[in-house]
Amino acid sequence: MSFRLTVAEFIQAAARPGSVDPRNPYVAFGLLWGVGGDFLLFGQPLALVDSGQPVALLGMLPEALLAGAVLPVLLAWVFGAMGVIRWEKAERNRRTIADLDELVAQRTEQLRRTVVQTVLALSASIEAKDAYTHGHCLRVWGFSRIIALRMGATEAELQRLQFASYLHDIGKIHVPDQILGKPGRLTEPEYQEVKGHPAAGEAILAPIEDFREVSALVRCHHERFDGRGYPDGLEGEAIPLLGRVLAVADSLDAMTSNRAYRRGLSLRTALAELRRCASLDFDPDEVPGRTEPERQFDPRIVEVLCQVDREELMAVVRGEDPRGRLAGGLMRLRLRSSSG
């Protein structure tokens with residue numbers, strides 16, 4: 001079977017996107033076309049053999065050679081050169097776009113770190129009002145992250161939870177120092193003033209557009225699963241899931257931290273108390289004076305927390321996270337606060 005291809009078809013094939021490579025396959029194709037048996041004369045295929053009968057071409061031999069051997073090769077190399085030019089241009093554009101993408105990613109990461117450091121510094125300044133709460137927000141984030149990761153939280157959810165952990169007590173800026181640092185039991189009016197800090201925190205953060213979801217978590221971190229929390233008395237799954245995670249982490253740190261009026265509980269006792277407050281099985285001997293279960297916390301979240309390796313939780317209690325970065329950040333913040 002005679003292989004036939006017109007000039008128009010050849011040009012269309014050579015100009016396809018696949019030809020934009022320095023090792024253009026149409027160059028080799030042009031050579032094969034030129035010596036393979038199909039001659040091209042003035043844009044039309046001319047067969048050396050047509051229906052098995054020879055065709056006299058002696059009078060047209062120079063033109064046939066030019067059209068059938070030289071011209072296809074020249075065309076192939078021309079289109080090959082054009083392909084190289086297109087390929088180099090496309091490669092320059094690709095490198096430029098890649099460089100811009102990398103630059104945007106670097107700037108975004110720098111901005112994210114700046115926001116995190118600013119939020120962390122703000123929360124540290126609030127904690128400085130009470131000597132017993134230094135590092136509280138960092139430990140709450142450590143516990144929250146451990147729980148959220150085991151519950152399959154997305155990167156965006158972890159980011160919101162991190163900011164909410166750092167800022168959940170920002171509303172305490174409106175609570176007088178003598179109430180926050182009071183060594184004894186609060187009076188009812190004093191307790192009511194403290195209970196206003198979740199709503200006050202939401203009011204502070206709500207005007208920041210990117211913190212709308214964070215402010216919602218700040219508002220609900222003292223809601224209870226049984227509906228007896230504050231400020232809105234939300235119940236069960238009406239409380240956002242991340243808000244329920246934050247409530248468990250906040251309570252665990254509150255129980256294991258020293259306060260002006262009591263010593264912190266051991267991690268074992270604190271976890272037993274969390275189980276009791278989630279209506280899960282617990283050992284009454286580990287929670288002195290408590291016999292009846294409650295439903296303050298989401299039992300699913302408490303169960304996830306209780307399955308975490310105790311050493312991993314103790315690292316957070318000591319002011320570290322499992323990757324060992326919380327303690328260093330906390331120490332730098334303390335030094336900045338003391339120098340300020």
CD1 (Ile97) and CZ (Arg94) are apart, to the nearest 0.5 Å, by 9.5 Å

Note: Pro231 and Arg219 closest approach over all heavy atoms is CD-O, 3.2 Å

To the nearest 0.5 Å, atom CG of Asp253 lies from atom OG1 of Thr256 at 5.0 Å

The reported gap from NE2 in His221 to CG in Leu242 (rounded to nearest 0.5 angstrom) is 14.5 Å

Rounded to the nearest 0.5 angstrom, the CG-OG distance for Asp210 and Ser215 is 11.5 Å

Do side-chain atoms of Arg244 reach the backbone of Ile301 as a donor and acceptor pair under 3.5 angstrom? no

| query | Transitively linked via ILVMFWY side-chain contacts under 4.5 Å: Ile204 with Leu167? | reply | yes

Side chains of Leu280 and Glu303 in contact at under 4.5 Å (non-hydrogen atoms):
yes

- prompt: In the single-linkage hydrophobic clustering (I, L, V, M, F, W, Y; side-chain heavy atoms under 4.5 Å), do Leu252 and Leu217 co-cluster?
  reply: yes

Task: 4.5 Å side-chain heavy-atom contact, Ser279 and Phe297 - done: no

Rounded to the nearest 0.5 Å, the CD1 atom of Ile179 sits from the CG atom of Leu186 at a distance of 7.0 Å

Evaluate the side-chain contact (heavy atoms from CB on, under 4.5 Å) criterion for residues Leu161 and Arg145: first the C-alpha distance (whole Å), next the side-chain angles of each, then the deciding distance (0.1 Å), finally the verdict.
CA-CA 8 Å; Leu161 188 57; Arg145 182 176 54 79; 5.9 Å; no

- Check whether the side chains of Glu188 and Gln192 place a donor and an acceptor atom closer than 3.5 Å, and report yes or no. yes

Quiz prompt | Residue pair Leu313, Leu305: steps toward the side-chain contact (heavy atoms from CB on, under 4.5 Å) verdict | solution = CA-CA 9 Å; Leu313 296 177; Leu305 178 64; 3.7 Å; yes

Flag the pair Arg318 and Glu311 as a salt bridge only when some basic side-chain nitrogen lies within less than 4.0 angstrom of an acidic carboxylate oxygen. yes

Within the structure provided, determine whether Phe143 and Asp250 are in side-chain contact (heavy-atom separation under 4.5 Å). no

Contacts of Glu193 meeting salt bridge (Lys or Arg N to Asp or Glu O under 4.0 Å) (sequence neighbours excluded), chain-then-number -> none

Q. Is there side-chain contact between Ser165 and Ser144, with at least one heavy-atom pair below 4.5 Å?
A. yes

Check the surroundings of atom CD in Gln106: do more than 12 heavy atoms from other residues, nucleotides or ligands lie under 6.0 Å from it? yes

query = Is the centre of the His197 ring less than 6.0 Å from the centre of the His222 ring?
reply = yes

Test item: Arg224 and Cys277 side chains (from C-beta on) under 4.5 Å apart, heavy atoms: no

- prompt: Is the shortest heavy-atom distance from the side chain of Glu273 to the side chain of Met255 under 4.5 Å?
  reply: yes

- Heavy-atom side-chain proximity of Asp226 to Glu235 below 4.5 angstrom: no

In this structure, CG of Asp169 is separated from NE2 of His136 (nearest 0.5 Å) by 4.5 Å

Note: Leu246 and His168 closest approach over all heavy atoms is CD2-CB, 4.0 Å

Sidechain-backbone polar pair: Arg275 side chain, Leu271 backbone, donor-acceptor under 3.5 Å | no

* So do the side chains of Leu241 and Met151 get within less than 4.5 Å of each other, counting heavy atoms only? -> yes

Are Phe163 and Ile208 connected in a single hydrophobic cluster, I mean Ile/Leu/Val/Met/Phe/Trp/Tyr linked by side-chain heavy atoms less than 4.5 Å apart? yes

- Message: Hydrophobic cluster membership, with links at side-chain heavy-atom distances under 4.5 Å among I/L/V/M/F/W/Y: are Tyr230 and Phe225 in one?
- Response: no

Q.
Would you say CD of Glu213 has more than 12 non-hydrogen atoms from neighbouring residues, nucleotides or ligands within 6.0 angstrom?
A. no

- prompt: Stepwise, does the side chain to side chain donor-acceptor pair (under 3.5 Å) test hold for Thr187 with Glu190?
  reply: CA-CA 5 Å; Thr187 64; Glu190 289 171 340; 3.3 Å; yes

For Arg300, the side chain to side chain donor-acceptor pair (under 3.5 Å) test, sequence neighbours excluded, returns none

Expected output: side-chain Arg212 to main-chain Ala206 donor-acceptor under 3.5 Å:
yes

Practice problem: Could you tell me whether Arg150 and Glu312 make a salt bridge, using a distance below 4.0 angstrom between a side-chain N and a carboxylate O? | Solution: yes

Report task. Would you confirm whether Glu157, through its side chain, and Thr154, through its main-chain N or O, come within 3.5 Å as a donor-acceptor pair? Result -> yes

| Under 4.5 Å between side-chain heavy atoms, hopping through other hydrophobics if needed: is there a path connecting Ile146 to Val302? | yes

Which of Leu274, Val304, Val140, Asp298 passes side-chain contact (heavy atoms from CB on, under 4.5 Å) with Val248? It is Leu274

